[in-house]
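Have a look at the structure below before the remarks.
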There are 2 protein chains.
Amino acid sequence: MSLQLSVDRSSPVPLYFQLSQQLEAAIEHGALTPGSLLGNEIELAARLGLSRPTVRQAIQSLVDKGLLVRRRGVGTQVVHSQVKRPLELSSLYDDLEAAGQRPETRVLLNTTVPASAEVAAALAVAEGGEVHRIERLRLAHGEPMAALCNYIPTGLLDLDSPQLESTGLYRLMRSAGITLHSARQTIGARSATPEEAERLTEPDGAPLLTMQRTTFDDTGRAVEYGTHVYRASRYSFDFQLLVRA
Amino acid sequence: MSLQLSVDRSSPVPLYFQLSQQLEAAIEHGALTPGSLLGNEIELAARLGLSRPTVRQAIQSLVDKGLLVRRRGVGTQVVHSQVKRPLELSSLYDDLEAAGQRPETRVLLNTTVPASAEVAAALAVAEGGEVHRIERLRLAHGEPMAALCNYIPTGLLDLDSPQLESTGLYRLMRSAGITLHSARQTIGARSATPEEAERLTEPDGAPLLTMQRTTFDDTGRAVEYGTHVYRASRYSFDFQLLVRA
DNA sequence: GTCGTTCGGTTGTCCGGACAAAGCATTGAC
DNA sequence: GTCAATGCTTTGTCCGGACAACCGAACGAC
């Protein structure tokens with residue numbers, strides 16, 4: 001069953017990355033069946049003309065992704081389950097698009113406002129200082145799914161309403177050169193206010209899923225704070241998580 | 001500012017792990033302030049009498065945890081923000097205990113039942129086959145917080161009601177030699193049924209937070225399926241997540 | 001037959017070195 | 001003064017090797 005692997009040394013792509021991608025593809029594609037051993041590292045390295053550390057680095061990255069399990073004295077096995085994605089920091093827009101839901105956005109508000117105490121605390125800016133405020137309605141198949149309200153420090157990027165309608169906020173931020181690093185989230189639930197109910201075409205007092213999120217870039221700066229509400233009847237958070245050893 | 005670091009070569013604890021723990025402690029403790037450079041790897045290795053790969057491994061583990069950021073040509077910086085925990089696979093019991101809430105459990109049901117279609121699909125067992133069913137009420141400060149319903153394949157571990165009342169399910173599993181690996185979760189919301197409302201001392205139709213989770217061990221076997229409901233007025237999911245590069 | 005021992009195989013840890021790539025500051029040309 | 005070229009620092013990648021720890025299976029003693 002000697003899997004077909006090869007690396008291109010003239011490519012600028014790191015060797016360990018080439019290998020890990022090929023292995024991941026083989027797993028995804030079914031060439032490496034769940035539970036099967038991967039063959040020992042030494043021999044694999046020899047077969048590819050790579051050193052063992054390089055092969056180990058490739059394997060380790062897949063272990064971190066949860067696709068492989070290593071067992072000392074046994075070998076490296078393909079994990080047996082339906083691992084999909086370990087909860088990425090993705091925007092709702094991308095999520096819907098990936099699910100083939102054809103997302104749509106209506107920008108209801110796009111302006112600057114003085115920061116409230118809550119917003120100032122989340123973004124670590126001065127209370128009363130100017131921040132962007134964006135309110136959007138997200139639809140899928142023409143049906144409202146969620147009402148999004150975001151606050152963004154001024155000067156980070158320019159927020160163009162047409163652009164906001166055609167893509168997600170995170171994608172805009174990334175293309176503005178911001179490196180997203182981490183986020184702090186709170187997910188809860190409550191009943192809809194009359195305004196929310198109308199906006200989302202739900203009955204009064206319908207249960208809503210709420211999410212607040214503050215996102216940081218790699219310098220530790222808060223770059224976004226959002227409070228969102230989702231129609232519980234049409235949306236739920238769905239993700240995979242790994243046990244960190 | 002030459003931070004006080006040292007490793008014990010006679011210890012069975014890996015050197016890179018000793019180092020990463022000391023660095024993490026230094027960050028936690030404030031000895032390494034956010035934004036400060038860590039000093040280059042070569043010099044750090046020389047100072048500790050370690051090789052560069054070992055030092056890199058230690059640093060890399062903290063990068064993976066989101067505490068450090070590396071920049072080629074610049075150095076390694078302590079990230080500037082309030083990173084706490086990146087969403088572990090922990091039980092509600094542990095969460096509450098860590099928050100100082102003194103959790104309490106009442107086992108309402110602990111028996112075996114034939115697997116319904118839903119349960120059979122989640123646990124990958126035969127429909128109609130025997131599975132454990134556990135219903136518990138989780139309280140904090142004497143107040144109901146959540147109603148938990150779990151299904152567990154038979155033969156994995158014995159489920160002792162007294163033990164279930166004094167600790168969390170995951171802790172029981174781990175001490176039974178099961179290595180938890182990953183889980184698939186869905187978080188949503190809905191209105192309480194009259195029975196749920198009474199059990200949780202909420203008004204009829206109150207919004208509830210719902211979570212379904214299937215947990216897998218490192219062989220890919222499903223070891224637990226649970227459907228839980230939380231009082232939205234008293235509980236929310238709170239976590240940090242990192243952007244995977 | 002049962003149990004402890006030994007042994008081969010595999011991953012875990014660690015070393016020392018080498019070159020490449022990227023960022024930043026300084027220098028130099030215009 | 002402005003801008004491009006240069007050089008230094010730092011991390012990124014890769015190599016080849018060595019020994020330790022652990023697992024499982026085969027072996028042998030009782």
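Residue numbering restarts at 1 for every chain, and letters A, B, ... go by the order of the sequence lines.
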- prompt: If you round to the nearest 0.5 Å, how far is OG1 of B:T112 from CD1 of B:I134?
  reply: 11.0 Å
message: So, using salt bridge (charged side-chain N to carboxylate O under 4.0 Å, His left out) as the criterion, who are the partners of A:R52 when residues are at least two apart?
response: A:E41
statement: For B:R72, the salt bridge (charged side-chain N to carboxylate O under 4.0 Å, His left out) test, sequence neighbours excluded, returns none
Qualifying residues under side-chain hydrogen bond (donor to acceptor under 3.5 Å, both in side chains), relative to [X], sequence neighbours excluded:
X	result
B:T227	none
A:N40	none
B:E118	B:Y225
A:E127	none

field: Pair listing, salt bridge (Lys or Arg N to Asp or Glu O under 4.0 Å) test, anchored in residues 4-22 of chain A, at least two apart
entry: none
field: Those residues that, when tested against B:F237, pass ring-ring contact (aromatic ring centres under 6.0 Å, His included) (two or more places apart)
entry: B:Y230, B:Y235
Between protein and nucleic acid, restricted to nucleotides 25-28 of chain C and to nitrogen or oxygen atoms under 3.5 Å apart, what atom pairs and distances do you find?
none

- prompt: Partners of B:A222 by side chain to side chain contact (heavy atoms under 4.5 Å, CB included), sequence neighbours excluded?
  reply: B:L123, B:T214, B:F216
task: Indicate for each nucleotide in nucleotides 5-15 of chain C, in 5' to 3' sequence, whether protein heavy atoms under 4.0 Å reach the base (B), only the sugar-phosphate (S), or nothing (-).
output: ----BBBBBSB
Under 3.5 Å between N/O atoms: give me all the protein pairs with nucleotides 6-8 of chain D, atom names plus distance.
none

